[in-house]
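What follows is a single structure, written as structure tokens, with notes after it.
Keep in mind that the numbers below use all heavy atoms, side chains included, and drop hydrogens, waters and symmetry copies.
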Amino acid sequence: MRRRWEKQWTARSIGATRVNVLALSICTREAYQSMKERNIDDGHIINLNSIGGHIVINSSDVHFCMATKYAVSTLTEGLRQELREAKTHIRATSISPGMVETEFIYRLYSNNPEKAKASYSHLKTLEAIDVANAVVYVLSAPPHVEVGELLLRPVEQQI
């Protein structure tokens, strides 16, 4: 039974990874095209990422998901470089929060709600407003400043 579950989990994870990377790429392309069509040369594309896009979290439960986050880091930096080559003033930013209490862990451990709850019990997590404030900070940067990457995490978070 466990081996079949592992195969299903792996297949779902690989599929979700591909969808997440493709969706980000398509949305980015469409945002850029929309800006070009409207002659906007000072826009901003912000990708919400994760600290997991910069470090390997020691949990086999999330390795496939974190591969997606590494892709977000790479795609955002690649976009930034392409925007510079195109001589635009459009900025690209990846915002990478650490532990935020969301539905992700509850879905991941849907068969073990106690494990999900325990994931958040050892520290005060970031809140949605903290991430929203990071977006506002990035958007409020002067036109000559590009925040390429913004990492934020709870003070008590170890990684």
Contact check, side chains of [X] and [Y], non-hydrogen atoms, under 4.5 Å:
{"X": "H122", "Y": "Q158", "answer": "no"}
{"X": "V131", "Y": "L48", "answer": "yes"}
{"X": "H89", "Y": "P143", "answer": "no"}

Determine whether a donor-acceptor pair (N or O, by modelled atom type, separation under 3.5 Å) exists between the side chain of [X] and the backbone of [Y].
{"X": "S94", "Y": "S73", "value": "no"}
{"X": "S25", "Y": "V21", "value": "yes"}
{"X": "R91", "Y": "A141", "value": "yes"}
{"X": "R38", "Y": "S34", "value": "yes"}

Open item on the list: Which residue in the set E77, R84, E85 passes side-chain hydrogen bond (donor to acceptor under 3.5 Å, both in side chains) when paired with Q81?
Closed with: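 The option that passes is E77.
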
Between [X] and [Y], what is the shortest heavy-atom contact and its length?
{"X": "L83", "Y": "A92", "result": "CD1-CB, 4.2 Å"}
{"X": "Y137", "Y": "L150", "result": "CD2-CD2, 4.2 Å"}
{"X": "L152", "Y": "D130", "result": "CD1-O, 4.0 Å"}
{"X": "V56", "Y": "Y70", "result": "N-OH, 3.7 Å"}
{"X": "Q157", "Y": "M99", "result": "OE1-N, 2.8 Å"}
{"X": "H54", "Y": "N49", "result": "NE2-ND2, 4.1 Å"}

Task: side-chain hydrogen bond (donor to acceptor under 3.5 Å, both in side chains) evaluation trace for E149 with S96 - done: CA-CA 7 Å; E149 178 64 52; S96 300; 2.6 Å; yes

[X] and [Y]: same hydrophobic cluster, using ILVMFWY side-chain contacts below 4.5 Å?
{"X": "M66", "Y": "Y109", "result": "yes"}
{"X": "F104", "Y": "I51", "result": "yes"}
{"X": "I45", "Y": "V135", "result": "no"}

Open item on the list: Between K117 and E114 (salt bridge meaning N to carboxylate O under 4.0 Å), is one present in this structure?
Closed with: no

TODO: Kindly check if the number of other-residue, nucleotide or ligand heavy atoms within 6.0 Å of CG (N58) is above 12?
DONE: no

TODO: Mind running side-chain hydrogen bond (donor to acceptor under 3.5 Å, both in side chains) on E37 and Q33 for me, showing each step along the way?
DONE: CA-CA 6 Å; E37 289 168 6; Q33 287 301 325; over 6 Å; no

